[in-house]
J.: 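Once you've had a glance at the structure underneath, I'll fire off some questions.
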Amino acid sequence: MYYEKNVELLEKNYPDIYCKIKDISINDNEFEIIKSKNKFPTLRINSNGRSYYLHSKYNPIKEAEIFAEKNYNDNVLNYVVYGFGFAYHIEKLLELNHNIELYVFETNKYVFKAALENIDLSDLIKNPKVHIIVEDDINIFVNRFRNLLKLENKKFIIHLPSLQSMPRKFEEIRYLLEEFRVQEHSMLNASNILDKNFEKNIKNYDKNIDVLFKKFIDIPLVLVSAGPSLDKNKTLLKKVKNRAIILAVGRAVKPLIREGIYPDIIIITDPYDIVYNQLEGLDIKIPIIVLSTCSEKVMNNYKGYKFIALQEGYYLAEKYAKENGNMLIRTGGSVATTALDIAIKFGCNPIIFVGQDLAYTNGRSHARDTYLCQEIIMKENLRKVEGIDGKPVFTTKSLSIFRRWIENRIEKEKRVTFIDATEGGAKIRGTIIMTLKEVIEEKLKDRYIDFTRVLEEVVEKSD
């Protein structure tokens, strides 16, 4: 009963969208209209052997109110929303503030047509503050989406059920949006802690890490993470010392030191105080890189030389960097991805991964003797990915997101060779797979680097 009115307005206001949807027909078995308990229509999508609802089957209006209140911010004027759905959540955002600009993306034109047929969208279609984008061409979608992310004073919101209904060809885009959502939620959940840590850390560091950028051109670097395969080859890292820079994530430090291996530099990024357990009780003064929002306990208690890293995507860090002429680093959501960005900015080549499983190799979460190492028994919520030997290994959504971030980062660095010497875990596209023994014999032979001397010289010149 709404379709004719909606389509008439659509043809007038969005002729390009009208042309895309006017001749398509909906498969009622795949897109099933259901009346919710309070009589509002919702959409049940039956696809690939599973069913899910686009909006609550009980009370989509209340669900939309909660969504809007959770995502609305008095200080934001522009909202970029992925997921048009049946527009309940869009209407509730506008009810909170009629003056905001809403840019709403939808990639599933069948979902959009179902909305046209079952919901009165006339006010939204006519509203000059609402900009509807229905696009199933990946290149056009990416360009329009990228341009909107350049808006000042904006917030990006994902309607999660709509993310599930993305067409299969958009799978890589869906992964990227999932990655953004994970990072965004992490930032929001810890916002007060991040701000508190930043205000303390910014007054308590020795140098910004950017003084070391491009100071190690074509020097090999081994990035040591704490994946379960670290147990296989960590003793070989003794032969790496002074042949390559050893950059270790905090969780890997204690297992290395128990083997008599002292990294050249350490990195820690987590905002919660429990992260200090990775260093507590160690009598070391190895230089450390601390993310600007990392637990202030690290900065307050660590006795070694402390470099601060200012990250993209965090307002206070970006503001401080702009005011002080500092460079920003990309975090990618984990300590290992942050470390990789820094290693690349150092100018190092090759960059060698050790302990970078990105999977639960042999049913364990981390190397033995690391803090919070777990044996993984339940695998129902895990996903299978290709391992370095071609066989499947179990991993999580978060680890898959980090892997894709690393792969995308590697793809951009044409001059750098990346070697996976983990000897286990998920396959990382763009890396050369070697054993650590092979790396030492073939890539590090006749190499020598006195990291401490170079670091001291650089720091002295920057004073």
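Hydrogens, waters and symmetry mates are skipped; everything else that's a heavy atom, side chains included, is used.
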J.: If we check side chain to side chain contact (heavy atoms under 4.5 Å, CB included) with S165, which of these qualifies: I45, L43, T107?
T.: I45

J.: Could you tell me which non-hydrogen atom of M327 sits nearest to which non-hydrogen atom of N208, and how far apart they are?
T.: O-OD1, 4.4 Å

J.: When you compare the side chain of I267 with that of T338, does any pair of heavy atoms fall below 4.5 Å?
T.: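 Counting from C-beta outward, T338 and I267 do come under 4.5 Å.
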
J.: Passes side chain to side chain contact (heavy atoms under 4.5 Å, CB included), Y272 versus S295? Steps please.
T.: CA-CA 5 Å; Y272 299 102; S295 166; 6.0 Å; no

J.: Please list all pairs passing the salt bridge (Lys or Arg N to Asp or Glu O under 4.0 Å) test where one or both residues lie in residues 200-211, with sequence neighbours left out.
T.: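 Only K200-E296, K207-D463 qualify under salt bridge (Lys or Arg N to Asp or Glu O under 4.0 Å).
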
J.: Under 6.0 Å between ring centres, would you say that holds for F105 and Y82?
T.: no

J.: Do K155 side-chain atoms and V80 backbone N/O form a donor-acceptor pair below 3.5 Å?
T.: no

J.: Return the OG1 to NZ distance between T42 and K37, rounded to the nearest 0.5 Å.
T.: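 That separation rounds to 13.0 Å.
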
J.: Which heavy atom of L221 sits nearest a heavy atom of A343, and at what distance?
T.: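 Reported closest heavy-atom pair: CD2-CB, 3.8 Å.
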
J.: Report yes or no: does N204 contribute a side-chain atom to a donor-acceptor pair with the main-chain N or O of M299 at less than 3.5 Å?
T.: yes

J.: Can you tell me how the ring of F84 sits relative to the ring of F112, calling it parallel under 30°, perpendicular over 60° and tilted otherwise?
T.: perpendicular

J.: Would you mind reporting whether F346 and K214 have side-chain heavy atoms less than 4.5 Å apart?
T.: no

J.: Would you sort out whether F156 and Y103 count as a ring-ring contact (aromatic ring centres under 6.0 Å, His included), showing the intermediate values?
T.: CA-CA 9 Å; F156 175 50; Y103 301 85; over 10 Å; no

J.: Measuring from atom OG1 of T337 to atom CG of N408, what distance do you get when rounded to the nearest 0.5 angstrom?
T.: 12.0 Å

J.: How about OH on Y58, more than 12 heavy atoms from neighbouring residues, nucleotides or ligands closer than 6.0 Å, or not?
T.: no

J.: Please round to the nearest 0.5 Å and tell me the distance separating atom CG of L212 and atom CD1 of I289.
T.: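 Between atom CG of L212 and atom CD1 of I289 there are 7.5 Å.
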
J.: Let me see the working for E32 and N46 under side-chain hydrogen bond (donor to acceptor under 3.5 Å, both in side chains), right down to the final yes or no.
T.: CA-CA 8 Å; E32 187 178 359; N46 307 303; 3.3 Å; yes

J.: Do you know which of T331, T269, T293 makes side chain to side chain donor-acceptor pair (under 3.5 Å) with Q311?
T.: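 Considering T331, T269, T293, a side chain to side chain donor-acceptor pair (under 3.5 Å) with Q311 is found only for T293.
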
J.: What's the verdict on side chain to side chain contact (heavy atoms under 4.5 Å, CB included) for I21 and L116, showing C-alpha distance, side-chain angles and the deciding distance?
T.: CA-CA 10 Å; I21 61 92; L116 291 172; 3.5 Å; yes

J.: Using a 4.5 Å cut-off on heavy atoms from C-beta on, say whether the side chain of V290 contacts that of I308.
T.: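 Heavy-atom side-chain distance check fails, nothing below 4.5 Å.
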
J.: Nearest 0.5 Å please: distance from the CD atom of E117 over to the CG atom of N6.
T.: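 One finds 10.0 Å between CD of E117 and CG of N6.
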
J.: Test of understanding: with ring-ring contact (aromatic ring centres under 6.0 Å, His included), list the residues that count as partners of Y72, not counting sequence neighbours.
T.: none

J.: Using modelled atom types only, decide if a donor and an acceptor are shared between the side chain of K113 and the backbone of I26 within a distance under 3.5 Å.
T.: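 No; judged by distance alone, with no hydrogens or angles, the pair does not exist.
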
J.: What are the two closest heavy atoms between D357 and G424, and how far apart are they?
T.: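 Minimum heavy-atom contact is OD2-C, 3.7 Å.
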
J.: Evaluate the criterion side chain to side chain contact (heavy atoms under 4.5 Å, CB included) for residue pair I344 and I342; output intermediate values, then yes/no.
T.: CA-CA 5 Å; I344 291 169; I342 289 172; over 6 Å; no

J.: What heavy-atom pair brings P263 and L256 nearest, and what distance separates the two atoms?
T.: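 Looking at all heavy atoms of both residues, the shortest contact is CG-CD1, 3.9 Å.
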
J.: Within a strict 4.5 Å, meaning less than it, do heavy atoms of the Y14 and I125 side chains meet?
T.: yes

J.: Are R429 and E411 close enough that some pair of their side-chain heavy atoms sits under 4.5 Å apart?
T.: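 A side-chain contact exists here, since the closest heavy-atom pair is under 4.5 Å.
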
J.: Is the number of heavy atoms from other residues, nucleotides or ligands under 6.0 Å of R44 CZ greater than 12?
T.: yes

J.: Evaluate whether atom NZ of K129 has more than 12 neighbouring non-hydrogen atoms of other residues, nucleotides or ligands under 6.0 angstrom away.
T.: yes

J.: Do you know which two heavy atoms are closest between L54 and G85, and how far apart they sit?
T.: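 In terms of heavy atoms, the two residues are closest at CD2-CA, 3.5 Å.
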
J.: Closer than 3.5 angstrom, by distance alone: can the side chain of D420 be matched with the main-chain N or O of I352 as a donor-acceptor pair?
T.: no

J.: At what distance, to the nearest 0.5 angstrom, does CD of E106 lie from CZ of F141?
T.: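 It comes to 9.5 Å.
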
J.: Pair N78, N153 - check side-chain hydrogen bond (donor to acceptor under 3.5 Å, both in side chains), show working.
T.: CA-CA 6 Å; N78 298 297; N153 195 254; 5.1 Å; no

J.: Can you check whether P41 reaches I119 side chain to side chain, under 4.5 Å on heavy atoms?
T.: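 A side-chain contact exists here, since the closest heavy-atom pair is under 4.5 Å.
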
J.: Are K12 and E8 within salt-bridge range, i.e. N to O under 4.0 Å?
T.: no

J.: Do the side chain of H89 and the main chain of P60 share a donor and acceptor less than 3.5 angstrom apart?
T.: no

J.: Let me see the working for F86 and F40 under ring-ring contact (aromatic ring centres under 6.0 Å, His included), right down to the final yes or no.
T.: CA-CA 10 Å; F86 275 16; F40 286 89; over 10 Å; no

J.: I'd like to know if K109 and D136 make a salt bridge, using a cut-off of under 4.0 Å between side-chain N and carboxylate O.
T.: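 Yes, charged N to carboxylate O under 4.0 Å.
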
J.: Any salt bridge between E101 and K154, counting N to O under 4.0 Å?
T.: no

J.: I want to check something: taking the side chain as every heavy atom from C-beta on, are K254 and R251 in contact at a cut-off of under 4.5 Å?
T.: no

J.: Show, in sequence, the C-alpha distance, side-chain angles and deciding distance for I17 and L10, and conclude whether the side chain to side chain contact (heavy atoms under 4.5 Å, CB included) test is met.
T.: CA-CA 7 Å; I17 299 177; L10 190 72; 4.1 Å; yes

J.: Begin with the C-alpha distance, continue with both residues' side-chain angles, and end with the deciding distance and a verdict on salt bridge (charged side-chain N to carboxylate O under 4.0 Å, His left out) for E386 and K391.
T.: CA-CA 6 Å; E386 183 184 3; K391 297 177 182 178; over 6 Å; no

J.: Taking only residues two or more places apart in sequence or in another chain, which ones pass ring-ring contact (aromatic ring centres under 6.0 Å, His included) with Y88?
T.: H55

J.: Just by distance, with hydrogens left out, do D270 and Y276 show a side-chain donor and acceptor under 3.5 Å apart?
T.: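 There is no such pair between these side chains.
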
J.: What are the two closest heavy atoms between N201 and C294, and how far apart are they?
T.: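 Taking N201 first and C294 second, the nearest heavy atoms are ND2-O, 2.8 Å.
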
J.: What do you reckon, is NZ of K92 surrounded by more than 12 foreign heavy atoms closer than 6.0 Å?
T.: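 Check passes, neighbour count above 12.
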
J.: Has the side chain of N118 got a donor or acceptor atom that lies under 3.5 Å from a matching backbone atom of A114?
T.: yes

J.: Looking only at atom types and distance, does a side-chain atom of E135 sit under 3.5 Å from a main-chain N or O of D137, one as donor and one as acceptor?
T.: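 Looks like yes, one N/O pair under 3.5 Å.
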
J.: May I ask you to decide whether E323 forms a salt bridge with K319, counting only side-chain N to carboxylate O separations under 4.0 Å?
T.: yes

J.: I want to check something: taking the side chain as every heavy atom from C-beta on, are I329 and F213 in contact at a cut-off of under 4.5 Å?
T.: yes

J.: Calculate, to the nearest 0.5 Å, the distance between atoms CD1 and OH belonging to I90 and Y79 respectively.
T.: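 One gets 12.0 Å once the value is rounded to the nearest 0.5 Å.
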
